[in-house]
Amino acid sequence: QRQMCIRDSFNGAVNDILVLEELMFIATERGLFLTDLRSKKLLEHYDFLFLRDIIEINYFSDFLVLLTRDGLVKFNMEL
């Protein structure tokens, strides 16, 4: 399994960052990136059309609320 590095996948403006424990969520024009701060590796790149152009990230209980140019997205997360 190839490990992903954020510099291999990320190319664009960062609009917001949210850190929860050892996880960092990065909101961009190209979707939501999830990185592990301990290993400094990219865990996931959520690149759905409805997750494009994320402006702001907020965390409530077990989910993220993402403000995009098209509206709000409730994004369930198990941390």
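In this text the structure is predicted, and so the values were computed from the model without any measurement.
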- Message: The criterion is side-chain contact (heavy atoms from CB on, under 4.5 Å); which residues satisfy it with Ile55, sequence neighbours excluded?
- Response: Leu67, Arg69
- Query: Any side-chain heavy atom of Arg30 sitting closer than 4.5 Å to one from Thr28?
  - Reply: yes
- Message: In the structure I gave you, are the side-chain heavy atoms of Leu37 and Leu23 within less than 4.5 Å of one another anywhere?
- Response: no
- Task: Could you state whether Phe48 and Leu34 fall into the same hydrophobic cluster, counting links through intermediate Ile, Leu, Val, Met, Phe, Trp or Tyr residues with side-chain heavy atoms under 4.5 angstrom apart?
- Result: yes
- Item | Point-to-point distance, once rounded to the nearest 0.5 Å, from CD1 of Ile54 to CZ of Phe25 | 11.0 Å
- Would you find a donor on one side and an acceptor on the other, under 3.5 Å apart, between the side chain of Asp36 and the backbone of Lys41? no
- Task: Side-chain contact test, heavy atoms from C-beta onward, threshold under 4.5 Å: evaluate it for Leu20 versus Tyr59 and give yes or no.
- Result: yes
- Query: Are any non-hydrogen side-chain atoms of Ile57 and Leu32 less than 4.5 angstrom apart?
  - Reply: yes
- Can the ring centres of Phe75 and Tyr46 be said to be less than 6.0 Å apart? yes
- Within-4.5 Å side-chain heavy-atom neighbours: Thr35 and Ile26: yes
- Item | By side-chain contact (heavy atoms from CB on, under 4.5 Å) - contacts of Val73 (at least two apart) | Phe50, Leu51, Leu66, Thr68
- Would you list the pairs meeting salt bridge (charged side-chain N to carboxylate O under 4.0 Å, His left out) in which at least one residue belongs to residues 47-61, sequence neighbours left out? Asp47-Arg52
- Any side-chain heavy-atom pair of Leu72 and Lys74 under 4.5 Å: no
